[in-house]
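Heads up, the thing below is written out as structure tokens.
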Amino acid sequence: MDEEFKQRLEHLENRVALLERNQHLIAAGQRRASLRSFWRRPPMWTFEQYPPRLLNLNAFKPAPAIPANAPRIAMVTPSYNHAQYLGATIDSIVSQAYPNLYYHVQDGASIDSTLELLKSRGDSISWKSEPDEGQSNAINLGFAGVDCEIMAYLNSDDMLLPGTLAYVANYFMEHPDVDIIYGHRVFIDREGLEVGRAVLPRHDGKALQYADYIPQETMFWRKRVWDRIGPIDESFHYAMDWDFILRAQAAGFKFVRLPRFLACFRIHDAQKTAATYSIGVREMGILRRRVLGFDPTQMQIRRAIAPYLVQQLAYHYGCKLGLLQY
């Protein structure tokens with residue numbers, strides 16, 4: 001009986017040891033999966049980071065004073081069938097009360113209630129609704145013949161955060177050597193609720209050749225950039241902003257990432273970036289081949305941007321833990 005008991009005990013001990021080993025293997029696999037998930041989708045490209053919560057505008061830095069000799073800013077919103085979001089986009093710009101602003105909505109002959117919305121705005125904004133050849137063409141039409149010092153475009157589902165225009169104007173006035181600026185972004189859902197944030201490290205020109213990490217909705221540039229490198233390339237329908245950025249970088253213009261949240265990027269089912277992903281992959285391939293001279297593999301891209309992603313992770317958690325204040 002004692003011998004049988006010992007055998008059973010030994011059998012149980014072996015099973016416990018096997019279970020412990022399997023638990024360790026499962027845990028190791030989960031860690032590897034987490035690391036793979038991080039490289040596939042780092043925080044700056046993870047849109048839904050937490051359950052939706054109210055966007056608390058008072059939590060961001062207050063708006064600086066608008067300079068007396070405020071430079072003229074021209075902003076264009078390309079639009080098509082986005083009436084449900086366009087009102088918030090317009091309000092986020094007009095409510096900045098920036099005194100030297102030219103703001104134009106270039107609508108592509110929408111068939112929803114966009115036209116009624118634009119008419120209801122009276123003379124508070126400039127707008128036109130007519131057929132176009134896509135987003136890039138609409139942006140160029142909106143900027144045609146505009147006299148300004150600073151330029152930017154904001155898509156019809158995104159929003160500026162309060163104080164952005166005053167902050168941008170002050171920064172450009174204080175840093176005449178800087179040509180293009182951008183900042184941190186907030187992710188919001190279709191209802192305008194906050195679901196995530198992207199806090200970015202300082203500008204990295206090398207990483208930018210492999211991946212476009214600049215939040216377009218936060219980007220402003222001097223008109224001298226536009227005048228030198230030309231308008232938006234209308235052959236691009238997805239990566240037009242990255243093309244513009246890479247051409248500006250190749251021309252030697254100076255980029256700076258500002259230490260401030262500047263705008264909100266809206267996540268919704270119908271957004272263009274989700275609906276035309278395959279087109280985006282093709283266009284990004286074209287740009288990488290043009291800039292790098294070869295077609296990098298996904299592994300080469302990940303290795304090239306790894307230092308930037310590690311920095312971004314540090315900034316992300318530094319902000320999340322309250323160690324960095326923006």
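Values below: all heavy atoms of this structure, side chains included; hydrogens, waters and symmetry mates excluded. A quick note: this is a predicted structure, and the numbers were derived from the prediction, not measured.
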Exercise. What is the minimum heavy-atom distance between Pro231 and Arg247, and which atoms define it?
Worked result: O-NH2, 2.8 Å

Exercise. Is Arg222 paired with Glu149 through a side-chain N to carboxylate O contact shorter than 4.0 Å?
Worked result: no

For this session: Please determine, by modelled atom types, if Gln209 and Gln249 share a side-chain donor-acceptor pair under 3.5 angstrom.
Result: no

For this session: May I ask you to test the Arg288-Trp242 pair for a side-chain heavy-atom distance under 4.5 Å?
Result: yes

Problem set entry | Listed partners of Asp189 passing salt bridge (Lys or Arg N to Asp or Glu O under 4.0 Å), at least two apart | none

For this session: For side chain to side chain contact (heavy atoms under 4.5 Å, CB included), just list the numbers for Ile305 and Asp204, CA-CA rounded to whole Å, side-chain angles, deciding distance to a tenth of an Å, and then say yes or no.
Result: CA-CA 9 Å; Ile305 67 175; Asp204 185 333; over 6 Å; no

Exercise. Is Thr89 reaching over with its side chain to a backbone N or O of Met159, donor-acceptor style, under 3.5 angstrom?
Worked result: no

For this session: Search all heavy atoms of Leu200 against all heavy atoms of Tyr213 and return the closest pair with its distance.
Result: CD1-O, 3.8 Å

For this session: Kindly indicate whether the side chain of Pro296, heavy atoms from C-beta on, has any atom under 4.5 Å from the side chain of Phe294.
Result: yes

Problem set entry | Check: Leu160 main-chain N/O paired with Thr164 side-chain donor or acceptor under 3.5 Å | no

Exercise. Okay, side chain of Trp45, backbone of Ala198: is any donor-acceptor separation there less than 3.5 Å?
Worked result: no

Problem set entry | Ile188 to Cys264 - nearest heavy-atom pair and separation | CD1-CB, 3.9 Å

For this session: Kindly indicate, with the supporting measurements, whether the criterion side chain to side chain contact (heavy atoms under 4.5 Å, CB included) is fulfilled by Met75 and Leu165.
Result: CA-CA 10 Å; Met75 293 196 67; Leu165 295 183; 3.8 Å; yes

For this session: Check whether the side chains of Glu194 and Tyr50 place a donor and an acceptor atom closer than 3.5 Å, and report yes or no.
Result: yes

Problem set entry | Heavy-atom neighbours of Lys61 NZ exceed 12 at 6.0 Å | yes

For this session: Indicate if Leu246 and Trp226 have the same hydrophobic cluster label, given that clusters are the connected sets of ILVMFWY residues with side-chain heavy-atom separations under 4.5 angstrom.
Result: yes

Exercise. On the ring face of Tyr102, is Arg72 found with NZ or CZ under 6.0 Å from the centre and within 45° of the axis?
Worked result: no

Problem set entry | Arg202, CZ: over 12 other non-hydrogen atoms inside 6.0 angstrom | no

Exercise. Salt bridge between Asp177 and Lys254, side-chain N to carboxylate O under 4.0 Å?
Worked result: yes

For this session: Check whether more than 12 heavy atoms from other residues, nucleotides or ligands sit under 6.0 Å from atom CG of Leu321, and answer yes or no.
Result: yes

Exercise. What do you reckon, are the aromatic ring centroids of His268 and Tyr85 less than 6.0 Å apart?
Worked result: yes

Exercise. Once you round to the nearest 0.5 Å, how far does CG of Leu115 lie from OG of Ser110?
Worked result: 8.5 Å

Exercise. How about His104 and Gln106: does a side-chain donor come under 3.5 Å of a side-chain acceptor?
Worked result: yes

Problem set entry | Distance in Å, Leu57 CG paired with Phe261 CZ, rounded so as to fall on 0.5 Å steps | 13.0 Å

Exercise. Would a hydrophobic clustering, with Ile, Leu, Val, Met, Phe, Trp and Tyr connected at side-chain separations under 4.5 Å, put Ile232 with Leu141?
Worked result: no

Exercise. When you measure from the centre of the six-membered ring of Phe265, is the NZ or CZ of Arg185 under 6.0 Å away and within 45° of the axis?
Worked result: yes

Exercise. If you group Ile, Leu, Val, Met, Phe, Trp and Tyr by side-chain heavy-atom gaps below 4.5 Å, do Ile66 and Met173 land in one group?
Worked result: no

Exercise. Side-chain donor-acceptor pair under 3.5 Å between Ser124 and Tyr103, yes or no?
Worked result: no

Exercise. Asp295 and Arg289: salt bridge (Lys or Arg N to Asp or Glu O under 4.0 Å), yes or no, with the steps?
Worked result: CA-CA 5 Å; Asp295 198 356; Arg289 286 190 293 275; 3.2 Å; yes

Exercise. Taking Asp112 for the side chain and Ala83 for the main chain, is one N or O donor matched with an acceptor at less than 3.5 Å?
Worked result: yes

Exercise. For Ile180 and Ala248, which heavy atoms make the closest approach, and how far apart are they?
Worked result: CD1-CB, 3.5 Å

For this session: State whether the side chain of Asn155 and the backbone N or O of Asp158 hold a donor-acceptor pair below 3.5 Å, judged by distance alone.
Result: no

For this session: State whether the side chain of Thr46 and the backbone N or O of Pro42 hold a donor-acceptor pair below 3.5 Å, judged by distance alone.
Result: yes

For this session: Before giving the answer on side chain to side chain contact (heavy atoms under 4.5 Å, CB included), spell out for Ser129 and Val105 the whole-Å C-alpha distance, their side-chain angles and the decisive distance to 0.1 Å.
Result: CA-CA 8 Å; Ser129 184; Val105 177; over 6 Å; no

Exercise. Can you say whether the rings of Phe244 and Trp221 are parallel (under 30°), tilted (30 to 60°) or perpendicular (over 60°)?
Worked result: tilted

Exercise. Hey, are the side chains of Pro67 and Asn170 touching, using non-hydrogen atoms and a 4.5 Å cut-off?
Worked result: yes

Seminar exercise, completed: Looking only at heavy atoms, the pair that brings Leu262 and Gly183 closest together is CD1-N, 3.6 Å

For this session: Answer yes or no: is there a donor N or O on one side and an acceptor on the other, between the side chain of His175 and the main chain of Tyr171, under 3.5 Å?
Result: yes

For this session: State whether a side-chain donor-acceptor pair under 3.5 Å links His203 with Tyr182.
Result: yes

Exercise. Is atom NZ of Lys223 surrounded by more than 12 heavy atoms (other residues, nucleotides or ligands) closer than 6.0 Å?
Worked result: yes

Exercise. Sequence neighbours excluded, which residues qualify as salt bridge (Lys or Arg N to Asp or Glu O under 4.0 Å) partners of Arg224?
Worked result: Asp179

Exercise. Just checking, Arg260 and Tyr167: is the charged tip under 6.0 Å from the six-membered ring centre and within 45° of the axis?
Worked result: yes

Exercise. Has the side chain of Glu283 got a donor or acceptor atom that lies under 3.5 Å from a matching backbone atom of Tyr238?
Worked result: yes

For this session: Apply side chain to side chain contact (heavy atoms under 4.5 Å, CB included) to Glu217 and Tyr153, showing your working.
Result: CA-CA 7 Å; Glu217 73 279 4; Tyr153 73 89; over 6 Å; no

For this session: Verify, without hydrogens or angle tests, whether Gln312 (side chain) and Met44 (backbone) share a donor-acceptor contact under 3.5 angstrom.
Result: yes

Exercise. More than 12 foreign heavy atoms under 6.0 Å from CG of Leu323: is that the case here?
Worked result: yes

Problem set entry | Which atom of Ala70 lies closest to which atom of Pro99, heavy atoms considered | CB-CG, 4.3 Å

Exercise. Within a reach of under 6.0 Å around CD of Gln300, are more than 12 heavy atoms found that belong to other residues, nucleotides or ligands?
Worked result: yes

For this session: Check whether more than 12 heavy atoms from other residues, nucleotides or ligands sit under 6.0 Å from atom CD of Gln49, and answer yes or no.
Result: yes

For this session: Considering only NZ, NE, NH1 and NH2 on the basic side and carboxylate oxygens on the acidic side, decide whether Arg290 and Asp243 come within less than 4.0 Å.
Result: yes

For this session: Verify the cluster assignment for Tyr210 and Ile214: are they in a single hydrophobic cluster under the rule of side-chain heavy atoms below 4.5 Å apart?
Result: yes

For this session: Check the hydrophobic clustering (I, L, V, M, F, W, Y; side-chain heavy atoms under 4.5 Å; chains of links allowed) and say if Ile229 and Phe255 are grouped together.
Result: yes

Problem set entry | Atom CZ of Arg190 with >12 non-hydrogen neighbours under 6.0 angstrom | no

Problem set entry | Candidate pair Asp91 and Arg121, rule salt bridge (Lys or Arg N to Asp or Glu O under 4.0 Å), full reasoning | CA-CA 10 Å; Asp91 289 341; Arg121 296 295 170 145; 2.6 Å; yes

For this session: Output yes when a side-chain donor or acceptor of Ser79 lies under 3.5 Å from a complementary backbone atom of Asp107, and no otherwise.
Result: no

